[in-house]
Amino acid sequence: MTTTLPTTQMANAIRALAMDAVQKANSGHPGMPMGMAEIAVALWSGHYSHNPANPKWVNRDRFLLSNGHGSMLHYALLHLSGYAVSMDDIKAFRQMHSKTPGHPEVDITPGVETTTGPLGQGIANAVGMALSEYLLANEFNKPGFDLVNHYTYAFVGDGCLMEGISHEVCALAGTLGLNKLIALYDDNGISIDGKVEGWFTDDTPARFEAYGWNVIRAVDGHDVAAVAAAIAAAKSASKPTLICCKTIIGKGSPNLQGGDKVHGAALGDKEIAAVREYIGWASAPFEVPADIYSAWDAKASGAKAEAAWNELFAGYSAKFPAEAAELTRRMRGDLPAGFDATLAAAIASCVEKKENIATRKASQNAIQALAPSLPEFLGGSADLTGSNLTNWKECVALRSGKPGNHINYGVREFGMSAIMNGIALHGGFIPFGATFLTFSDYSRNALRMAALMKLRSIFVFTHDSIGLGEDGPTHQSVEHISSMRLIPNLDNWRPCDTVESAAAWGAAVQRKDGPSTLIFSRQNLPYQERTAAQIADITRGGYVLADVAAPKAILIATGSEVELAVAAAAALAAQGVAVRVVSMPSTDVFDRQDAAYKASVLTKGLPRVAIEAGVTDFWYKYVGLEGAVVGIDTFGESAPAGVLFKHFGFTVDNVVAKVKSVLVA
């Protein structure tokens with residue numbers, strides 16, 4: 001690295017800010033920031049291309065702190081290099097509504113690319129970002145115009161590499177040859193419980209070499225020049241790179257460095273004073289000398305880098321105006337101008353065909369209808385493409401060295417979901433990926449993170465209930481839909497036929513402020529007749545599918561059970577009992593509707609019965625304690641679907657009996 005910057009003092013500024021902020025908050029993790037300080041100097045002062053004045057610059061490098069508990073490292077870097085993270089923000093570390101929360105949060109702190117904390121997901125997001133860069137570069141770059149040309153850097157620790165998700169995503173990254181992904185491993189041998197040699201003895205370099213990564217071993221993590229040289233070497237590799245940096249946790253703390261006590265607790269006033277003397281840091285808490293600020297300041301270099309790119313983009317726009325406009329649209333997350341018409345045509349086609357098919361097939365039909373107008377679609381499946389049906393006629397399978405728009409993730413449900421989040425964070429694509437609903441358990445924390453980050457990730461889950469039949473209770477989802485409804489900001493859709501499936505896909509694609517799950521059946525479901533007004537109301541989450549003049553009760557159903565509700569209503573009508581049928585494909589969306597609309601669908605005073613092939617507890621919020629639920633509060637059985645539905649009481653006779661049991665005399 002060719003620099004005359006005072007790298008020791010630059011690193012010590014990170015140490016000082018980290019220990020002082022943690023001490024003031026009496027909460028946090030000083031050990032990692034202090035131990036990775038030189039690594040951060042090497043990357044941020046010599047290689048990392050960014051502009052503090054514009055954290056969303058399209059062609060910036062991406063930096064992800066996968067070991068997010070060490071968040072003060074990132075906050076110190078942002079503050080020192082010139083982002084809108086003030087010293088007052090540093091002082092407010094881990095306090096209410098501050099820009100410096102306990103773990104990095106995207107859209108809270110300028111310059112933070114993803115929300116990290118759950119270990120391993122940051123490196124997974126990084127794989128998604130590196131994949132996005134590769135695909136966009138192949139799609140938009142032209143000779144002489146390397147418009148999309150940036151690196152993705154991730155800091156990882158022992159905890160990230162112990163988590164199973166790191167195996168999933170790093171193996172795939174190696175297989176795909178994502179050479180612009182560079183991970184720097186903080187190999188300090190310490191985790192919360194102490195020295196990791198008692199529980200983590202993997203040969204990490206050999207492991208990553210087996211994945212197909214370029215591995216740079218045994219780098220002194222406290223030698224700025226050595227780390228910088230390793231990063232430079234990584235940039236010329238044809239594979240993703242892991243740089244193994246040997247470090248001392250809490251470096252600079254004379255009495256605590258190298259041990260677990262410095263990992264996750266304030267050092268205390270006495271030890272902080274000792275650190276200041278030990279590293280020669282004379283400045284008072286939360287004070288940084290002007291020359292250190294000057295050494296760290298990236299505003300001028302960042303402005304220069306972005307200006308050069310803007311000039312390149314201007315030339316590109318003049319020569320390739322359509323491509324320039326398309327890249328701009330996609331990075332903004334705007335849908336094509338004709339999308340609404342395309343969606344309307346897809347729904348109209350469903351109405352015309354009136355097909356009785358499985359909703360997983362209806363989902364594939366919707367993808368097929370929408371994909372030609374959505375070049376940003378990036379689909380995939382966790383080794384179940386033939387069952388999930390997330391491919392379409394024109395899709396191209398992604399392979400190493402061969403760009404595509406359909407990803408075979410392999411049996412990596414968690415990794416798939418977190419990679420999708422990285423893709424959504426990067427911009428330029430709308431990712432969707434699929435597995436069986438019962439395996440949403442493997443993906444759950446990534447779903448939660450997508451909801452927390454308000455990402456446009458679309459999670460497709462098929463084989464949604466006992467309707468999958470003979471595979472038995474290990475594969476039959478009973479609690480999964482209700483449990484996902486508990487995640488804030490996650491829209492869950494369980495359509496009943498082709499029209500609702502297309503409408504659900506449209507809603508998920510149009511939603512820009514959060515993720516969606518699309519939950520589909522294995523078995524065929526009948527087409528339901530609707531008016532144009534009813535079709536429009538599907539996107540309100542719940543609507544009256546079949547009404548009567550003076551209903552005595554309301555049946556609420558989702559997915560495959562809507563068919564049963566309609567049949568039971570007909571049987572009740574024959575017995576002189578008038579019943580309204582409400583289809584509620586998304587309770588989450590329905591709950592956001594205004595009170596008047598909700599009251600028009602679920603009229604107050606009318607007894608209600610809910611029907612869903614899953615646990616019953618969730619539905620009492622709609623039917624009340626005086627209502628009834630036809631559901632399943634046990635695990636399933638291995639048998640044909642028809643036998644199972646009858647065994648568990650999903651019959652017209654049982655629904656009729658339930659309605660009669662709640663009727664007001």
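Just so it is clear, the model here is predicted, and its values are computed rather than measured. Quick note: residue numbers are just sequence positions, from 1.
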Pair S501-S363, side-chain donor/acceptor within less than 3.5 Å: no
Check the side chains of S560 and R494 for a donor-acceptor pair under 3.5 angstrom, ignoring hydrogens and angles. yes
Has the side chain of D537 got a donor or acceptor atom that lies under 3.5 Å from a matching backbone atom of R540? no
Distance-only, no hydrogens or angles: does the K354 side chain make a donor-acceptor pair with backbone N or O of V351 under 3.5 Å? yes
Got a donor-acceptor contact below 3.5 angstrom from the R530 side chain to the I538 backbone? no
To the nearest 0.5 Å, what is the distance between CG on L525 and CD on E563? 6.5 Å
Rounded distance [0.5 Å steps], CG in L370 versus CG in N365: 10.5 Å
CD (E394) with more than 12 external heavy atoms under 6.0 Å: yes
So, does T109 use its side chain to make a donor-acceptor pair with the main chain of V112 at under 3.5 Å? no
Side chains of E355 and N524 only: does a donor on one sit below 3.5 Å from an acceptor on the other? no
Is it true that atom NZ of K512 has more than 12 heavy atoms of other residues, nucleotides or ligands lying nearer than 6.0 Å? yes
Decide yes or no on side-chain contact (heavy atoms from CB on, under 4.5 Å) for D107 and M453, but give the supporting numbers first. CA-CA 8 Å; D107 293 330; M453 291 189 276; over 6 Å; no
Does a side chain donor of either Q593 or Y543 reach within less than 3.5 Å of an acceptor in the other side chain? no
Would you find a donor on one side and an acceptor on the other, under 3.5 Å apart, between the side chain of Q476 and the backbone of G469? yes
Distance only, no hydrogens: is a donor on one side chain within 3.5 Å (strictly under) of an acceptor on the other, for E500 and S583? yes
Hey, does the side chain of N489 reach the backbone of D513 with a donor-acceptor pair shorter than 3.5 angstrom? yes
NZ of K598: more than 12 outside heavy atoms within 6.0 angstrom? yes
Quick one: does any side-chain atom of S516 pair with a main-chain N or O of I458 as donor and acceptor, under 3.5 Å? no
Modelled atom types, side-chain donor and acceptor of N391 and Q364, under 3.5 Å: yes
For T462 and N388, test the side chains for any donor-to-acceptor distance below 3.5 angstrom and give the result as yes or no. yes
Does G333 offer a backbone N or O that forms a donor-acceptor pair with the side chain of R456 under 3.5 Å? yes
List the residues meeting ring pair (Phe, Tyr, Trp, His ring centres under 6.0 Å) with F645, not counting sequence neighbours, and say none if there are none. F650
Quick check: do R444 and R448 have side-chain heavy atoms less than 4.5 Å from each other? no
Go through it in stages, so that I can follow the logic: the residues are R330 and F429, the test is side-chain contact (heavy atoms from CB on, under 4.5 Å), and I'd like the CA-CA distance, side-chain angles, deciding distance and then a yes or no. CA-CA 7 Å; R330 284 169 54 174; F429 295 99; 3.3 Å; yes
